[in-house]
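The structure under discussion appears below in the form of structure tokens.
Throughout, protein chains are lettered first and strands after them, A, B, ... in sequence-line order, and every chain is numbered starting at 1.
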Number of protein chains: 2
Amino acid sequence: MRLQGTEPGLDALDAGILSALDRDARITMSELARLIGMSAPGVAERVRRLEAAGVLKGFSAEIEPRALGYAIRAMVRIRPLPGKLHLVEKLIDACPNIVECHKITGDDPFLAQLVVRDIEEMDGVLEALAEHAVTSTAVIKSQAVRRRLPPLR
Amino acid sequence: MRLQGTEPGLDALDAGILSALDRDARITMSELARLIGMSAPGVAERVRRLEAAGVLKGFSAEIEPRALGYAIRAMVRIRPLPGKLHLVEKLIDACPNIVECHKITGDDPFLAQLVVRDIEEMDGVLEALAEHAVTSTAVIKSQAVRRRLPPLR
DNA sequence: GTTGAAAATAGCACGAA
DNA sequence: TTCGTGCTATTTTCAAC
């Protein structure tokens, strides 16, 4: 196996495996084997190697927030007030409505994805942040590109 | 089962199921059954119902772009030039380095997540967009909050 | 939702290329 | 090394309750 971070390291079979697992992570190794034309132990071994190489970090469920009553999703840029960077980072982590947050370059250090049931709930979260940071909120209207993999080779 | 979008609709067992599947989507129904204290056919039935209700949209692999040689990740705000909205949307969809894109409110209609191997590749993507849109790029330095579920009840 | 039996699958050792 | 075959344990699925 090649070192992590060097390429390609992935042949067409690995690419097929990753692609299939991305479409349906609960597929059986047998079915996966049929799809790419290998034996089940063979693909299972490759999957283990991809995990060991750090390519496959895990498998997760795609859950639809709307179906849980979270009608609104928004991207929030967050700029902590002077001296409040660490405090704000803790606030962000402690806010259960923030389902993801990146530290980014530029004027606003954080870009968070917010999921709320209604405008009132959104306002509550933003108000709580407002004491220690300036926020810019953009409501998500739709997905132009649904989560997908980058080119695998 | 309650109508999609009405709450709660989820009891503690469903919440446990979703949480466990989010942590590891490839867990067996038997193991999941043990975790939440039910029989295997019982949990399997609940999982089917959560899928039918639109709560569980699917299961996907978490793939680490870095391990594939994509050293840089960035969030790009994209503002199409007048009359170029649809063209830009097509360009975005056709760009394999864009792994996700939201249509949002505000001055910049699109917020895309970009994954590239190096600065040169990033420049190439942004140059291609520059003909038809104004872009603002923020490189992702780290994840402050790793993808997680909102409160399930 | 549970139990129990049949079919499919996973995981292992071993041999071949 | 990496993959395939054949075995056993586990899991899935379906029936009946």
ask   = If you measure from the Lys or Arg side-chain nitrogens to the Asp or Glu carboxylate oxygens, is any gap between R48(B) and E45(B) under 4.0 Å?
value = yes

query = Looking at CZ of R79(A) and CG of D108(A), how far apart are the two atoms once the value is rounded to the nearest 0.5 Å?
reply = 4.5 Å

note = Between CD1 of I27(A) and P of dA8(C) the distance, given in whole Å, is 17 Å

request  = For the pair K103(A) and E89(A), find out whether any cationic side-chain nitrogen is under 4.0 Å from an anionic carboxylate oxygen.
outcome  = yes

Quick test: give all pairs of protein nitrogen or oxygen and nucleotides 3-9 of chain D nitrogen or oxygen below 3.5 Å, distance rounded to 0.1 Å.
from   : atom 1 : to     : atom 2 : distance (Å)
dC3(D) : OP1    : R46(A) : NE     : 2.8
dC3(D) : OP1    : R46(A) : NH2    : 2.7
dC3(D) : OP2    : R49(A) : NH2    : 2.5
dG4(D) : OP2    : S39(A) : N      : 3.0
dG4(D) : OP2    : S39(A) : OG     : 2.7

query = Is a side-chain donor or acceptor of S136(A) paired with a backbone partner of R77(A) at a separation under 3.5 angstrom?
reply = no

ask   = Rounded to the nearest Å, what distance is computed from the CD1 atom of residue I36(B) to the P atom of nucleotide dT2(C)?
value = 9 Å

task = Taking all non-hydrogen atoms of both residues into account, name the closest pair between G16(A) and I36(A) and its distance.
result = C-CG2, 4.2 Å

request  = Return no unless some side-chain N or O of R34(B) is found under 4.0 Å from OP1 or OP2 of dT11(D).
outcome  = yes

From CG (L10(A)) to CG (L18(A)), nearest 0.5 Å = 5.5 Å

request  = Would you kindly give the CG-to-P distance between D14(B) and dG1(C), to the nearest whole Å?
outcome  = 8 Å

Matching residue for H102(A) among K141(B), R73(B), Q143(B) - test: side-chain hydrogen bond (donor to acceptor under 3.5 Å, both in side chains) = Q143(B)

query = Restricting to pairs with a member in residues 29-43 of chain A, which pass side chain to side chain donor-acceptor pair (under 3.5 Å), not counting sequence neighbours?
reply = E31(A)-R34(A)

inquiry  = Quick check on dA8(C): is either OP1 or OP2 less than 4.0 Å from any side-chain nitrogen or oxygen of T28(A)?
reply    = no

request  = Ignoring backbone atoms, test whether R26(B) places a side-chain nitrogen or oxygen under 4.0 Å from the OP1 or OP2 oxygen of dT9(C).
outcome  = no

inquiry  = Taking the axis from the first five pairs and the axis from the last five, what angle separates them in the helix from dG1(C)-dC17(D) to dA17(C)-dT1(D), rounded to 10 degrees?
reply    = 40°

key: Nearest-Å distance for atom pair CD/P, residues E31(A) and dA10(C)   = 10 Å

